[in-house]
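Everything on this sheet refers to the single structure shown next.
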Protein chains: 2
Amino acid sequence: MGYVASSAASGLATGRTRTIGVLAPYVSRWFFSRAIEGVDIELHAQNYNLMLINLGGYGTSRSRLFEHTMLRKQIDALVVLCLAMHPSELEHLHRVEIPLVSVGPVEGFHGVSIDDYEATQVATNYLIGLGHRRIAQLQGVEADEMNFEVPKLRNRAFEATMLAAGLELRPEWELVGDFTFASGVRAAAWLFESGTERPTAIFCASDEMALGVLAEARRRGIRVPEELSILGIDDHEFSAAAGLSTIWQDPVAQGQSAASMLLKRLDGDEAAIRTVTAPYTLLQRETTASPRRSR
Amino acid sequence: MGYVASSAASGLATGRTRTIGVLAPYVSRWFFSRAIEGVDIELHAQNYNLMLINLGGYGTSRSRLFEHTMLRKQIDALVVLCLAMHPSELEHLHRVEIPLVSVGPVEGFHGVSIDDYEATQVATNYLIGLGHRRIAQLQGVEADEMNFEVPKLRNRAFEATMLAAGLELRPEWELVGDFTFASGVRAAAWLFESGTERPTAIFCASDEMALGVLAEARRRGIRVPEELSILGIDDHEFSAAAGLSTIWQDPVAQGQSAASMLLKRLDGDEAAIRTVTAPYTLLQRETTASPRRSR
DNA sequence: CTGTTAGCGCCTTCAG
DNA sequence: CTGAAGGCGCTAACAG
């Protein structure tokens with residue numbers, strides 16, 4: 001007859017809230033919003049609620065979050081979307097007794113994530129295999145507050161792979177962005193105007209940046225891939241339609257998988273939580289080709 | 001000493017949860033994720049929690065949501081992100097006794113939103129004022145489940161404005177997309193290949209679609225704006241860097257404002273909730289120009 | 001197997 | 001102004 005139990009009362013009586021928290025550094029960036037969606041799909045299916053806990057850039061004291069929402073028993077478990085934390089915060093999370101799983105690499109916790117190092121190796125070797133020798137990198141750097149593991153891994157993997165192939169890392173081809181489209185545009189504009197010898201390919205640490213580079217190249221009439229190959233990583237929703245070659249990964253599935261482990265754990269399966277390596281695939285589309293074509 | 005109250009207990013005792021629900025049709029589309037971010041900023045500042053209630057496309061029964069989460073007193077108030085609902089759902093929302101505010105137009109409720117009709121008029125008149133006579137429209141249509149007001153408003157405003165200016169609406173220039181980048185690419189490809197006379201300008205009902213049209217035009221070497229002007233609406237985060245002319249609006253601020261009204265209302269201000277018209281502005285960037293330039 | 005009762009932990013009220 | 005007690009609505013354990 002339209003009656004529904006009060007969750008506060010049942011929560012008080014049982015100690016369980018049927019709510020899972022999602023700790024996210026951003027809500028509106030591609031990877032994060034997709035991962036949230038994935039978590040939501042799973043929770044939805046099992047009648048759990050999703051509490052969004054945004055550590056977002058708007059200068060709020062993160063500490064309050066950690067002390068308040070978490071421990072207040074408002075959530076039965078927590079999904080942490082890849083972000084690196086201060087040791088004190090990590091300690092806090094360890095102290096909290098609720099099950100925890102990360103999406104993306106988070107030191108010291110189980111989680112689901114692709115092998116970013118390996119994926120970047122594959123990307124770099126693909127470019128090298130195509131015959132490129134003059135390869136630039138557009139790496140991503142986060143505001144230190146949200147200091148992720150991912151950019152570091154991708155950067156290290158790129159450089160190691162280049163060196164292993166005996167190729168040089170020219171300083172003027174080491175571009176830096178912040179994972180946004182705009183920073184890709186800026187980096188490309190700088191590269192095209194700097195008067196330095198142009199690379200034949202550029203590896204970008206995210207599709208958003210790669211799309212920026214592509215847009216700027218096209219705007220200037222630079223032919224892609226004839227004059228410049230562009231390779232991204234992530235497979236952003238714009239990438240297929242833009243023809244961007246990239247390394248695909250599926251954050252929705254990753255979020256779903258993380259939530260699923262948590263739910264199983266809450267159902268009593270002690271062994272449910274483990275570290276899962278998510279798949280990735282190189283997608284050759286239209287922005288990469290052998291440099292020979294250019295002559 | 002590290003003690004924090006149990007929210008279930010205090011919620012039970014007081015009847016208030018310090019949690020606000022956000023009902024969203026999508027999480028990872030630009031407008032929605034930004035609006036969620038805006039709501040979050042405000043809630044964060046006032047120590048409220050945010051419960052994400054996604055009506056997402058993954059075929060879950062919406063009804064359960066309405067009956068469960070809402071009435072379960074898990075939330076003190078609700079933000080509805082623009083989505084049209086079945087009359088039964090609307091009725092449900094009216095029945096729920098908690099304060100409710102929408103972001104974007106939702107029939108029968110107070111909310112904050114731009115005047116989509118007027119904004120589209122401004123956009124269309126801007127193109128006309130530039131001297132364009134052959135103007136195409138790429139309208140957005142949603143899967144009916146999520147049948148919004150916005151696409152209809154924008155479509156009607158475009159057509160009315162064209163007619164008022166004595167311009168014709170050629171059927172082959174009435175393109176349809178689904179608000180995604182990919183649909184913009186597809187529509188543009190169709191237009192360029194169809195062999196019909198090409199319009200000198202195209203108005204797109206969202207920036208995501210406009211960016212798709214722009215990418216496809218540039219890919220084919222069609223000069224923008226010399227041969228084709230492209231105008232969007234929204235000011236997506238990629239737009240500035242891509243040079244896309246558009247109508248700017250700020251969903252973050254809209255979400256923030258909605259949350260703020262709700263919070264005031266919960267603080268006892270009976271008159272806090274009203275309908276607010278959000279600002280918009282025409283941004284002339286590089287994708288629009290007078291058609292004369294083309295000769 | 002069904003019906004009853006004692007808390008869950010906090011807030012608020014009322015008495016001291 | 002400080003302190004004790006009842007009850008918010010449910011669940012789980014226990015008794016019948």
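So you know, we letter chains A, B, ... as the sequences are listed, proteins then strands, and number each from 1.
At distances below 3.5 Å, at least one donor-acceptor pair connects side-chain atoms of Arg18(A) with backbone N or O atoms of Gln46(A). No donor-acceptor pair under 3.5 Å is formed between the side chain of Arg16(A) and the backbone N or O of Asp76(A).
Summarising the geometry, the separation between CZ on Arg18(A) and C1' on dT11(D) is reported as 15 Å, rounded to the nearest angstrom. Between the C1' atom of dG9(D) and the CZ atom of Arg16(B) lies a distance of 19 Å, rounded to the nearest Å.
Annotation: side chain of Leu78(A) is in contact with side chain of Ile53(A) (closest heavy-atom distance under 4.5 Å).
Take Phe238(B) and apply the ring-ring contact (aromatic ring centres under 6.0 Å, His included) test, not counting sequence neighbours, and it matches Phe181(A), His236(A), Phe238(A), His236(B).
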Atom pairs, protein N/O to nucleotides 3-8 of chain D N/O, distance under 3.5 Å:
none

For residues 101-119 of chain A, which side-chain donor-acceptor pairs fall under 3.5 Å, sequence neighbours excluded?
residue   : atom : partner   : partner atom : Å
Ser102(A) : OG   : Gly104(A) : O            : 2.9
His110(A) : ND1  : Thr275(A) : N            : 3.2
His110(A) : ND1  : Thr275(A) : OG1          : 2.8
Asp115(A) : OD1  : Tyr117(A) : N            : 3.2
Asp115(A) : OD1  : Glu118(A) : N            : 2.9
Asp116(A) : OD1  : Arg154(A) : NE           : 2.8
Asp116(A) : OD1  : Arg154(A) : NH2          : 2.9
Glu118(A) : OE1  : Tyr280(A) : OH           : 2.4

